[in-house]
Amino acid sequence: MITPKENIPDSEHALITKAQSLAGFTLGEIAAQAGIEVPTNLLRDKGWPGLLLEHTLGATAGSKPEPDFPELGIELKTIPINRQGKPLETTFVSVAPFTGLVGVNWQNSHVKNKLKRVLWVPIVAEREMPVPDRIVGMPFLWSPSPEEEALLANDWQELIDMIVLGEVENISGKHGQVMQLRPKAANSKAKTDAFDKHGRRFKTLPRGFYLKIPFTHGLIKKYLRVG
DNA sequence: ACTTGATCATTC
DNA sequence: GAATGATCAAGT
């Protein structure tokens with residue numbers, strides 16, 4: 001069980017510095033210092049690395065619709081990588097809206113706002129590595145470059161267009177160059193409201209936007225070179 | 001090997 | 001059910 005902590009960073013620099021001071025430490029070491037138990041595997045604790053880092057860095061705990069560090073406007077994201085620095089998984093961004101889309105555009109979208117400023121914390125987490133032995137890499141703060149934002153905006157528009165046209169069910173993970181739409185639910189029976197191509201309301205599987213691996217890999221390579 | 005689709009815990 | 005945190009594992 002991970003509970004909120006009170007050492008909230010007072011500045012962006014303090015946050016980055018603290019995050020970077022964790023580089024090289026294992027999840028086991030960080031958890032031990034926090035007095036937190038490490039799960040044997042992540043089968044039933046899929047969000048555990050993220051919660052551990054949130055706790056350690058003093059992020060606001062809980063499921064609030066705001067950044068992890070509200071005063072700083074920074075979102076925290078852990079990302080599993082292999083020893084070469086390549087992400088092992090796509091990165092969840094936010095749930096996709098299927099209704100209430102009138103007036104929604106890229107500029108006021110949840111995706112753009114979520115990705116405005118992200119503190120990425122890579123974790124060398126190859127499957128065969130025991131969870132406590134997984135190692136924190138060098139964290140870095142990222143904001144989308146104009147080029148990156150254009151790619152994201154293009155994909156967002158393509159996917160939202162399909163949703164607006166009532167083609168939610170025809171969207172697969174193959175759509176999108178750098179960002180895809182995939183299931184995001186407790187299970188395949190979960191349902192949420194959407195509209196079909198005739199404008200009729202119906203129930204469908206909730207989905208979320210995910211950043212594809214080549215995109216996040218690019219961010220890591222870029223920030224590794226530059227520092 | 002890699003991606004897409006499915007799933008797990010917790011809180012509100 | 002929806003939002004937070006993601007990874008698992010079947011399919012290609």
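Here the structure is a predicted model, which is why all the values come from computation and not from measurement. In what follows, chains carry the letters A, B, and so on, assigned in the order in which the sequence lines appear, proteins first and then strands, with residues in each chain numbered from 1.
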Atom pair distance, as rounded to whole Å: [atom1] in [X] and [atom2] in [N]:
{"X": "A/H55", "N": "B/dT10", "atom1": "NE2", "atom2": "P", "result": "17 Å"}
{"X": "A/L211", "N": "B/dT4", "atom1": "CG", "atom2": "P", "result": "13 Å"}
{"X": "A/K189", "N": "C/dA2", "atom1": "NZ", "atom2": "P", "result": "17 Å"}
{"X": "A/N113", "N": "C/dA3", "atom1": "CG", "atom2": "C1'", "result": "16 Å"}
{"X": "A/F69", "N": "C/dT4", "atom1": "CZ", "atom2": "C1'", "result": "14 Å"}
{"X": "A/R207", "N": "C/dA3", "atom1": "CZ", "atom2": "C1'", "result": "18 Å"}
{"X": "A/K114", "N": "C/dA3", "atom1": "NZ", "atom2": "C1'", "result": "8 Å"}
{"X": "A/H217", "N": "B/dT3", "atom1": "NE2", "atom2": "P", "result": "12 Å"}

>> Between A/R182 and A/T90, do the side chains contain a donor N or O and an acceptor N or O under 3.5 Å apart?
In response: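 The answer is yes; a qualifying pair exists.
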
> Does any donor atom in the side chain of A/N154 or A/E158 lie under 3.5 Å from an acceptor atom in the other side chain?
Replying inline: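 No, A/E158 and A/N154 have no side-chain donor paired with an acceptor closer than 3.5 Å.
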
> Between A/K112 and A/E149, does at least one N-O distance fall below 4.0 Å, as a salt bridge requires?
Replying inline: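 Salt bridge flag = yes for A/E149 with A/K112.
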
> So, are A/E89 and A/K212 salt-bridged, with charged N and O less than 4.0 Å apart?
Replying inline: no

>> Among residues 160-180 of chain A, which ones have heavy-atom contacts with DNA chain B below 4.0 Å?
In response: A/S172, A/G173, A/K174, A/Q180

> Going 5' to 3' along nucleotides 6-12 of chain C, which nucleotides have protein heavy atoms under 4.0 Å from the base (write B), which only from the sugar-phosphate (write S), and which from neither (write -)?
Replying inline: BBBB---

>> At 4.0 Å (heavy atoms only), tell me whether A/L205 reaches a base, stays on the sugar-phosphate, or touches nothing.
In response: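 The residue A/L205 makes sugar-phosphate contact but no base contact.
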
>> Ring-plane angle category for A/Y223 and A/F140, please: parallel below 30°, perpendicular beyond 60°, tilted otherwise.
In response: parallel

>> Measuring only between side-chain heavy atoms, which start at C-beta, is A/E29 closer than 4.5 Å to A/I135?
In response: no

>> Taking the side chain as everything from C-beta on, heavy atoms only, tell me whether A/L119 gets closer than 4.5 Å to A/K77.
In response: no

>> Tell me which one of A/L53, A/I123, A/V121 satisfies side-chain contact (heavy atoms from CB on, under 4.5 Å) with A/L22.
In response: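 Of A/L53, A/I123, A/V121, side-chain contact (heavy atoms from CB on, under 4.5 Å) with A/L22 is met by A/L53 alone.
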
> Take atom CD in A/Q177; do more than 12 heavy atoms of anything else shown fall under 6.0 Å from it?
Replying inline: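 Not buried by this count: 12 neighbours or fewer within 6.0 Å.
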
> Can you tell me if the side-chain N/O atoms of A/T192 get under 4.0 Å from OP1 or OP2 in C/dA2?
Replying inline: yes

